[in-house]
Amino acid sequence: MDRRSFLKGTAAGVALASSAPAVVGSAKPRVVVIGGGAGGATAARYLAKDSKGALDVVLIEPTRTYYTCFFSNLYIGGYRDFASIGHTYGKLASDYGIAVVHDWATGIDRDKKTVALASGTQIGYDRVIVAPGIDFKYETTPGYSAEASGKMPHAWKGGSQTQLLKAQLEAMRPGGTFVMLAPPNPYRCPPGPYERVAMAAHLLSQKNPTAKIIVLDPKEKFSKQGLFQEGWTKYYGDMVEWIPASMYGAIKAINADTMTIETELDTFKADVANVIPGQRAGHIASSAGLTNASGFCPIVPASMQSQMDPNVYVLGDSTIAGDMPKSGYSANSQAKVAAMVVRAELTGSRAFPAKFSNTCWSLVATDDGVKVGAGYEATAEKIASTGGFISKNGESAELRKQTYEESIGWYNGITSDMFG
Amino acid sequence: MQGRVLTKILGCFWLVCSGLSYSGNAEQGAKVFQACQSCHAIGAGADHLVGPHLNNLFGRVAGSLDNFNYSAGLRAAGANGMSWDAEHLDAYIENPIALVRETSMRFAGLASAEDRNNLIAFLRANSVGPSDIPESLPTSIPRDPDVDPQILAITGDPEYGEYLASECMTCHQSDGADRGIPSIVGWPTKQFVIVMHAYKSTARPNPVMQMIAANLADEDIAALAAYFEKQQ
Ligand SMILES: Cc1cc2nc3c(=O)[nH]c(=O)nc-3n(C[C@H](O)[C@H](O)[C@H](O)COP(=O)(O)OP(=O)(O)OC[C@H]3O[C@@H](n4cnc5c(N)ncnc54)[C@H](O)[C@@H]3O)c2cc1C
């Protein structure tokens with residue numbers, strides 16, 4: 001499968017290089033999708049599947065295997081092996097005829113309607129869908145950088161960073177301290193840091209029961225707080241200490257060599273440190289002028305069209321999606337709306353009103369899952385919640401187990417929906 | 001028959017809709033119970049048979065007795081807070097599968113509202129302190145007064161259904177496999193519509209599906225049913 005996608009991808013790359021920059025030799029309208037994650041892979045698959053060959057769909061994604069951030073905490077906790085959260089693009093190429101190009105998009109020329117790749121290739125488009133996920137705002141974590149993440153992983157993008165953090169936790173000295181610096185709002189996966197704390201605690205309680213976990217949080221409250229705090233205490237006793245910024249003061253300096261996080265009121269020495277900086281849209285989105293002052297991309301709620309350019313659509317973590325949280329589920333949901341609208345524009349197929357939904361499951365301990373979710377509608381101003389639900393404190397073990405099993409069903413569903 | 005279930009699940013109570021008196025006749029109900037006897041025991045010393053014993057049923061959390069091997073669907077309903085009252089019993093006895101996903105009760109259902117009414121009175125009489133049990137728990141199945149029983153007649157638009165179905169594929173598998181979440185492809189449209197409305201009215205208790213169904217209009221549900229019927 002890997003080999004096949006490689007060959008397909010290469011072939012597509014060559015063909016595109018020779019036909020660049022405009023849509024030459026192809027009468028079909030072309031949609032270029034930048035980023036093969038939860039948003040981009042879903043959009044490419046639906047465009048190709050539903051247009052039945054009427055669209056030329058190109059997917060640009062540098063990595064050959066996409067490791068999901070979702071369920072990466074379960075890998076840290078020991079509930080999943082690493083291979084089980086990796087997915088390749090083979091079927092998107094072979095079964096759906098998508099031209100998968102494994103390269104970086106380096107720029108979008110919105111006047112000429114071309115995307116530039118690191119290889120030098122230019123690809124013309126009729127519509128471009130931008131779904132590059134997040135990049136970091138290092139100014140929120142003074143002293144921390146891409147380089148420092150080799151020692152103090154952020155593990156907030158999937159793949160090797162997640163493996164590094166897990167390896168460090170497993171190798172931590174007995175009784176050592178794991179310090180997490182949680183991110184400020186807005187960031188991908190609101191419950192993610194706290195699920196990670198639970199999963200790290202699960203791992204440590206087996207291998208290193210005298211270890212400590214300190215969570216430094218720039219926020220005074222967080223997603224599913226009551227549920228997480230109940231779970232941390234119930235399963236991991238006093239291993240976890242959560243400290244909001246009002247108690248430690250602002251971050252002054254992060255030092256990867258001394259493994260310290262210095263704040264206005266205290267200095268924290270870590271054996272393992274997980275530093276999760278503030279976030280903004282993936283770099284390509286800002287370089288193409290699709291972001292506003294917030295660092296994210298404003299969109300038209302009913303279509304996910306960029307407010308900056310009608311030929312551009314933006315999906316997932318890079319967007320300002322109103323009441324929808326930044327999650328894989330949200331990105332997947334938005335992708336189907338955008339694919340429907342883009343296909344209608346380019347092929348004349350029927351357009352329908354947008355439907356959005358989201359649910360985020362988190363695992364607190366073995367067979368103890370919790371969830372929060374909502375439905376959404378597009379209003380003139382934003383994607384607005386139409387109501388939702390959240391797990392309650394003190395639910396039965398049976399219900400929590402079912403909630404966990406439901407999350408496994410969702411993981412199977414969404415990854416099939418992305419990769420075929 | 002399914003039309004009537006629908007009436008109930010959609011919240012049009014038979015008290016209002018069919019004009020029947022709500023308090024059935026327990027003695028008559030004892031006779032109706034013969035339809036259940038091959039699988040259920042009731043009364044002093046009753047034990048589990050093919051189905052669980054039915055003593056003290058009112059107020060009991062669905063699928064909650066020890067030593068009985070319930071279906072995952074009934075346990076899920078109970079874990080999500082469903083307990084037995086007149087409305088849920090009526091819906092379950094009329095059409096078990098419409099109320100409880102993949103229930104293992106292989107029973108085609110009792111079509112006669114009068115029989116069910118009497119049977120429910122009999123089941124109440126076998127619950128602790130039957131006089132304390134309200135005859136009807138008006139809020140137990142929230143109502144949706146706007147929906148018309150005629151919605152079953154709506155012809156779904158399968159092309160719209162295909163778009164709407166994309167939302168379902170985040171969790172359900174398009175090839176109909178059950179990989180942690182049940183299959184929804186290839187169902188007869190009628191059953192599909194009834195079940196979706198059971199989530200929408202919150203008679204079926206799963207909050208994820210309630211949230212999904214809450215955002216679907218009657219035409220949306222009809223369109224989904226038309227689309228999924230053709231999938232396999
Ligand atoms: C620890 C953790 C746990 C999480 N758990 C959950 C969960 O349980 N449920 C849930 O729904 N969400 C969860 N999330 C959030 C989820 O991972 C993201 O919200 C989701 O991946 C966003 O999708 P996206 O398409 O916007 O970005 P991504 O999935 O990150 O995809 C972006 C892709 O674009 C590519 N890319 C970037 N720049 C370029 C470029 N210039 N050219 C070409 N390609 C480029 C990247 O390589 C990447 O593959 C979690 C996140 C984390 C960190």
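Residue numbers start from 1 in every chain, and the chains themselves are labelled A, B, ... in the order their sequence lines are given, proteins ahead of strands.
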Self-check item: Part of F356(A) lying under 4.5 Å from any heavy atom of chain B
Solution: backbone

Quiz prompt | Heavy-atom side-chain contact between S349(A) and Y163(B) under 4.5 Å | solution = no

Quiz item: Between M211(B) and S357(A), what is the shortest heavy-atom contact and its length?
Solution: SD-CB, 4.0 Å

Quiz item: Counting a contact as any heavy-atom pair under 4.5 Å apart, which residues of residues 62-81 of chain B contact chain A?
Solution: R75(B), A76(B), A79(B), N80(B)

Quiz item: Which atoms form the tightest heavy-atom contact between Y329(A) and I212(B), and what is the distance?
Solution: OH-CD1, 4.2 Å

Practice problem: Write down the atom of K371(A), the atom of V208(B), and the distance for their closest heavy-atom approach. | Solution: NZ-CG2, 3.7 Å

Quiz prompt | Spatial distance of atom OG (S166(B)) from atom CZ (R45(A)) [nearest 0.5 Å] | solution = 10.0 Å

Practice problem: Please flag which part of E162(B) lies under 4.5 Å from any non-hydrogen atom of chain A: side chain, backbone, both or neither. | Solution: side chain

Practice problem: Quick one: closest heavy-atom pair of E159(B) and R350(A), and the distance? | Solution: OE1-NH1, 3.1 Å

Practice problem: Select all residues of residues 225-232 of chain B having any heavy atom within less than 4.5 Å of some heavy atom of chain A, and report them by number, or 'none'. | Solution: none

Quiz item: Quick one: salt bridge (charged side-chain N to carboxylate O under 4.0 Å, His left out) partners of K224(A), sequence neighbours excluded?
Solution: none

Practice problem: With chain A as the partner chain, list the residues of residues 171-184 of chain B whose heavy atoms fall under 4.5 Å from it, by residue number, and write 'none' if nothing qualifies. | Solution: C171(B), Q173(B), R179(B), G180(B), I181(B)

Practice problem: Find the distance between OG1 (T386(A)) and CG (N215(B)) and round it off to the nearest 0.5 Å. | Solution: 3.5 Å

Quiz item: Between D220(B) and K355(A), is any pair of side-chain heavy atoms under 4.5 Å apart?
Solution: yes

Quiz item: Does some side-chain heavy atom of N206(B) sit less than 4.5 Å from a side-chain heavy atom of Q402(A)?
Solution: no

Self-check item: S333(A)/E167(B) under side-chain hydrogen bond (donor to acceptor under 3.5 Å, both in side chains): CA gap, chis, key distance, verdict
Solution: CA-CA 7 Å; S333(A) 176; E167(B) 185 180 30; 5.3 Å; no

Practice problem: Sort out for me which of N332(A), D50(A), I408(A) touches chain B most, counting heavy-atom pairs under 4.5 Å. | Solution: N332(A)

Self-check item: Structural part of A374(A) lying under 4.5 Å from a heavy atom of chain B
Solution: backbone

